[in-house]
Amino acid sequence: MAKVQKIKGFADLFPVEAEKYARLEDAARRVFTRYGFGELRTPVLEKTELFQKSIGEDTDVVGKEMFTFPDRKGRSLTMRPEATAGVVRAYVESGTYQPGLVSKYFTFGPMFRYERPQKGRQRQFHQINAEVFGASEPAADAELILMLRAFLAEVGLTGLTFELNSLGCAACRPAYKQALTDFFNSLDQEKLCQDCRRRKDTNPLRVLDCKVPDCKDMVAGAPSIADHLCPDCREHFAQVRSMLDAAKVTYVLNPRLVRGLDYYIRTTFEVTAENIGAQASVAGGGRYDGLVKSVGGPDVPGTGFACGMERLAMLLEDAPNPGLDFFVAVIDERAVGLGMDLAEKLRAQGLTGEASFASSSMKSRLRAANRLNARTCLILGESEYESGSVTVKDMSEDGEQRTVKIDDYIAQIRK
RNA sequence: GUGGGUGUAGCUCAGUUGGUAGAGCACCUGGUUGUGGCCCAGGUGGCCGGGAGUUCAAGUCUCCUCACUCACCCCA
């Protein structure tokens with residue numbers, strides 16, 4: 001029989017890896033709660049139109065990376081490729097919006113994108129998200145970045161780079177995009193790479209991010225967003241920066257920092273790591289004031305960020321193996337019931353342990369205890385069985401051992 | 001979607017100009033009749049990813065295919 005194998009880009013997380021995800025989620029829950037955020041869990045499956053309306057039809061994510069399929073009645077459903085759209089949908093649908101009310105949510109879970117897998121990129125990947133609705137002030141952006149910084153510190157990550165930019169708004173970005181397109185059109189087209197010749201018309205901001213050396217040279221002379229912000233955006237960005245400076249956040253201004261999803265405006269930021277491969281971005285976010293309205297809700301401003309858990313997990317050390325408090329080594333077959341009962345009573349006292357019921361040799365049972373990093377080995381063999389006792393062996397290097405009545409041993413543990 | 005790399009024992013990997021399969025670790029057994037780690041000896045374990053072809057002979061050469069992986073693209 002051929003082995004059934006997992007589908008491409010989907011991973012099994014065994015304990016050592018799964019623990020890192022739990023560590024990230026625990027830290028996020030702890031930190032975000034301190035900032036007044038509440039947990040929101042939304043479905044993994046949504047109507048396809050939700051993502052078309054929010055992320056943008058022209059993006060790669062919607063255009064060619066979604067897991068989209070019809071349900072049994074022919075309705076088009078999509079495995080969520082990101083979290084924000086679903087959170088916005090839930091927010092709007094619940095009707096929690098009221099003028100002047102700020103809502104703050106965090107969420108985590110699996111996202112799905114049909115991409116070619118590589119280091120730090122899976123088809124099913126996991127994100128930690130935070131979203132703020134109803135706050136248009138620069139302070140909301142700044143506080144979100146502070147919270148992200150606090151979260152990363154909580155999980156013990158250092159050496160990360162914060163990058164910051166403003167993408168402008170509906171009032172000033174179109175003019176900037178046009179200026180960019182004009183600029184690139186004025187250049188010798190031969191010197192632009194194939195991708196950029198296409199991108200300069202479809203998404204000129206992306207050209208700024210091109211890694212081809214020739215393109216980079218061209219981009220150096222391109223107009224900067226900083227010079228094209230409208231007065232409102234300029235003021236908003238200046239305030240965000242001054243608040244970050246006041247909070248001693250170290251960041252790099254990157255006028256070429258762009259976002260892949262259409263809904264971002266004004267403040268955008270990204271956190272990158274070194275040594276985790278080409279997919280170096282571990283978190284990213286920004287402001288998305290028009291998004292709520294675009295999925296049929298009220299005109300409420302929003303900001304948020306997403307952290308890539310796979311990429312953060314790569315930066316975490318393996319947790320030390322906690323080992324076992326005890327290991328019950330049953331050598332005499334007749335003592336199997338006794339061993340199970342003994343283990344149950346110890347667990348009821350909060351101890352961690354396993355019992356082995358394989359009727360095997362003393363040597364192999366002790367090796368098993370050693371392998372499992374057990375601190376105490378409880379031996380139940382022929383003589384113990386006949387006398388109703390247990391041999392308690394300390395597994396440390398020069399550990400002692402003694403044989404005591406089972407009842408006495410349990411009574412002693414209780415104390 | 002486009003490139004590159006890799007598939008041999010449970011794991012990490014050797015395998016010469018084609019000649020019928022190896023090591024280390026792990027596991028099991030024994031040395032030590034009921035005592036682990038260290039040491040020594042022995043043992044279990046492989047359709048060499050799959051298929052076709054060339055050849056007296058293919059892990060090795062050719063083609064196809066599948067899987068994994070890294071990068072582009074894109075993104076967290």
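Below, chain A is the first sequence line, B the second, and so on; all start at residue 1. These numbers were taken from a predicted model, which means no experiment stands behind them.
Taking the P atoms as reference points, rC13(B) lies 23 Å from rU17(B), given to the whole Å. On the P atoms, rC64(B) is 14 Å away from rG5(B), given to the nearest whole Å. Of the C1' atoms belonging to rU65(B) and rU29(B), the separation is 43 Å, rounded to the nearest Å. Between rC66(B) and rC11(B), the two C1' atoms lie 23 Å apart (nearest whole Å). The gap from the P atom of rG59(B) to that of rG3(B) amounts to 30 Å, rounded to the nearest Å. Taking atom P on both rA21(B) and rU62(B), the two are 23 Å apart, rounded to the nearest angstrom.
Contact annotation for S396(A): base contact, defined as any heavy-atom pair under 4.0 Å involving a base atom. Nucleic acid contact class of M395(A) (heavy atoms, under 4.0 Å, all strands): base. Counting any heavy atom pair closer than 4.0 Å across all strands shown, G120(A) reaches a base atom. Among the atoms of the strands shown, base atoms are found under 4.0 Å from some heavy atom of I379(A). When heavy atoms are screened at a 4.0 angstrom cut-off, T59(A) is found touching no nucleic acid atom at all. Residue contacts for R311(A): at a heavy-atom cut-off of 4.0 Å it reaches a base atom on one of the strands shown. Counting non-hydrogen atoms under 4.0 angstrom, F125(A) reaches a base of the nucleic acid.
Within the 4.0 Å cut-off from OP1 or OP2 of rC27(B), at least one side-chain nitrogen or oxygen of R371(A) is found. Contact check, R367(A) against rC27(B): a side-chain N or O comes under 4.0 Å of OP1 or OP2.
The backbone N or O of S76(A) sits less than 3.5 Å from a side-chain atom of T48(A), completing a donor-acceptor pair.
For L366(A), the listed nucleotide lying nearest its side chain is rU35(B); candidates were rG34(B), rA76(B), rU35(B). Candidate nucleotides rA76(B), rG34(B), rG37(B) were compared by shortest atom distance to the side chain of S383(A), and rG34(B) ranks first.
Ring geometry, Y176(A) versus H228(A): the interplanar angle falls from 30° to 60°, so the pair is classed tilted.
Separation of the H126(A) and F108(A) ring centroids does not fall under the 6.0 Å cut-off. Ring centroid separation for the pair F106(A) and F32(A) comes in under the 6.0 Å cut-off.
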Would you tabulate the nitrogen or oxygen pairs shorter than 3.5 Å linking the protein to nucleotides 67-69 of chain B?
unit_1: rC68(B); atom_1: OP2; unit_2: K8(A); atom_2: NZ; d: 3.3

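Salt-bridge formation is detected for the pair E115(A)/R121(A): a Lys NZ or Arg NE/NH1/NH2 atom is positioned less than 4.0 Å from an Asp or Glu carboxylate oxygen.
A donor-acceptor contact under 3.5 Å is not formed by the side chain of R113(A) with the base of rC74(B). Remark: the S364(A) side chain and the rG36(B) base include no donor-acceptor N/O pair separated by less than 3.5 Å. Contact annotation: side chain of K363(A) to base of rU35(B), donor-acceptor pair absent below 3.5 Å.
Annotation: cation-pi pair R123(A)/Y114(A) present, NZ/CZ under 6.0 Å from the ring centroid and within 45° of its normal.
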List the steps, then state whether side chain to side chain contact (heavy atoms under 4.5 Å, CB included) holds for L164(A) with F237(A). CA-CA 10 Å; L164(A) 189 67; F237(A) 194 42; 3.9 Å; yes
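The distance from atom CD of Q279(A) to atom C1' of rC73(B) is 9 Å, rounded to the nearest whole Å.
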